Amino acid sequence: MNEARLLRHALDAAHAIVSNKPYVEELAEGLLRVVGADCVCIDICHAWRTQTPSVTMAGEPDGLSAAEIDQWMSLSADDPYIGNLLATSDPRPYRTSDFMTFSRFRQTLVYQEVFARYGMRHLLVMAPHITDENLVLIGLTRRLHDFSDRETQALHPIRDLIAAALDYQAQTAAIQARIDAGPPGSPSHRSTLTERETQVLALIATGHTNDQAARKLDISPRTIRKHLEGVFTKANVPSRAAAVAWWLRQPPH
């Protein structure tokens with residue numbers, strides 16, 4: 001197993017995540033090839049305790065029916081990794097064999113009803129992201145032989161890198177939502193702005209710099225800054241971007 005290639009796939013996925021680009025299919029294919037699994041499954045669950053996850057698979061099988069996904073969800077507490085995750089909140093990579101022997105695993109309902117039909121005897125699972133609402137699981141499966149200690153350890157930095165990217169994405173999304181919502185008690189319409197402040201904001205909103213807006217309005221950049229400071233105070237926002245976001249949300253007067 002080429003650990004450098006494995007890290008490269010994880011780094012590419014992390015770049016895609018923070019850029020809000022698709023990453024799941026390429027990551028699944030990369031893990032499949034480099035680790036040498038028979039199947040890689042990435043589950044993205046929003047409201048994971050009640051809603052069906054989005055499942056992306058690479059290898060064999062290359063997909064599950066909605067009924068199979070629902071069945072796995074209903075039996076997930078019987079899965080040794082999920083049981084440990086819920087009991088300890090430990091999201092690190094673990095093999096099924098870290099929790100129980102195969103003879104015991106094959107007696108579980110989740111094995112008999114889900115994994116046995118595809119001959120998947122050995123699982124290696126990690127959780128790059130888990131909150132009260134959202135859960136991301138990455139599972140690798142094999143039919144013939146278990147995952148080695150080296151393979152399991154190699155997935156630790158992969159999980160950490162993907163987790164950091166998903167946490168960053170969640171934090172920036174929360175910040176953007178706060179900006180979009182506007183601060184409590186902020187003015188509710190554009191009529192609180194002067195005509196010149198409105199002209200300045202309209203130019204800033206279309207991508208003009210302070211200097212470009214100043215030339216357009218035939219005033220100095222310093223005057224532009226003063227008008228923007230007035231907007232910041234009236235809208236109770238800290239920046240040009242936040243002022244534009246607030247202004248665009250307001251109904252015309």
Side-chain angles (χ1 to χ4, degrees), residues 3-35 37 39-59 63-64 69 72-73 76 79 81-82 84-86 88-94 124-140 152-184 186 205 207 237-249:
E3 295 181 25
R5 285 182 60 201
L6 192 61
L7 285 168
R8 170 52 61 187
H9 284 297
L11 189 59
D12 289 345
H15 283 154
I17 290 166
V18 300
S19 302
N20 289 315
K21 295 179 180 178
Y23 72 95
V24 174
E25 289 187 7
E26 289 192 10
L27 178 60
E29 290 287 349
L31 291 173
L32 185 78
R33 291 192 301 270
V34 178
V35 179
C39 180
V40 174
C41 179
I42 300 180
D43 305 332
I44 299 179
C45 317
H46 302 293
W48 61 274
R49 297 178 189 275
T50 58
Q51 300 298 316
T52 300
S54 168
V55 177
T56 299
M57 302 181 71
L64 295 175
I69 295 172
W72 174 78
M73 286 292 291
S76 59
D79 184 301
Y81 182 88
I82 299 298
N84 182 71
L85 180 66
L86 295 178
T88 67
S89 300
D90 183 354
R92 293 175 296 176
Y94 286 105
L124 173 57
V125 187
M126 55 186 174
H129 187 68
I130 179 170
T131 67
D132 288 341
E133 289 293 323
N134 300 319
L135 174 65
V136 176
L137 287 175
I138 301 177
L140 296 81
T152 304
Q153 288 299 317
L155 286 182
H156 281 253
I158 307 307
R159 192 217 74 88
D160 294 344
L161 185 55
I162 301 299
L166 289 169
D167 287 345
Y168 173 85
Q169 182 190 53
Q171 290 171 19
T172 54
I175 291 170
Q176 187 62 55
R178 288 178 61 187
I179 291 172
D180 292 343
S186 61
V237 295
S239 66
R240 288 159 47 104
V244 169
W246 167 83
W247 183 71
L248 291 175
R249 290 195 308 272

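Not measured: the values here are computed from a predicted model.
Atom-to-atom distance recorded for Leu27:CG and Leu32:CG is 11.0 Å, nearest 0.5 angstrom. Rounding to the nearest 0.5 angstrom, the gap separating the CD1 atom in Ile17 from the OH atom in Tyr168 is 12.5 Å. Atom CG of residue Leu31 and atom CG of residue Leu6 lie 6.0 Å apart, to the nearest 0.5 angstrom. For the atom pair CD1 of Ile42 and CD of Glu25, the computed distance is 9.5 Å after rounding to the nearest 0.5 Å. Here CG of Leu161 is found 6.0 Å from CG of Leu11. Values are rounded to the nearest 0.5 Å. Distance CZ/Arg33 to NE2/His9: 5.0 Å, rounded to 0.5 Å.
Looking only at side-chain heavy atoms (C-beta outward), Glu26 and Asp12 stay at 4.5 Å or farther from each other. Between Ile130 and Leu137, the closest side-chain pair of non-hydrogen atoms is not below 4.5 Å. A 4.5 Å side-chain heavy-atom check between Val125 and Asp79 finds every atom pair outside the cut-off. With contacts defined as side-chain heavy-atom distances shorter than 4.5 Å, the pair Leu135/Asp43 does not qualify.
Between Pro93 and Thr152, the shortest heavy-atom contact is O-CG2, 3.9 Å. Taking all atoms of both residues into account, the shortest heavy-atom contact from Cys39 to Met57 is SG-CE, 3.4 Å. Across Ala14 and Ile162, no two heavy atoms sit closer than the pair N-CD1, 4.3 Å. Residues Ala16 and Pro22 come closest through the heavy atom pair CB-O, 3.7 Å.
Distance alone, capped at 3.5 Å, is enough to place a donor-acceptor pair between the Thr88 side chain and the Asp90 backbone. For Thr172 (side chain) and Gln169 (main-chain N/O), a donor-acceptor pair under 3.5 Å exists by modelled atom type. Of the possible donor and acceptor atoms, one in the side chain of Tyr81 sits under 3.5 Å from a partner among the backbone N and O of Ala127.
Crowding of His15 atom NE2: a count of heavy atoms from other residues, nucleotides or ligands under 6.0 Å not exceeding 12.
Considering Arg159, Met126, His129 in turn, Met126 is the only one that fulfils the side-chain contact (heavy atoms from CB on, under 4.5 Å) rule with Ile138.
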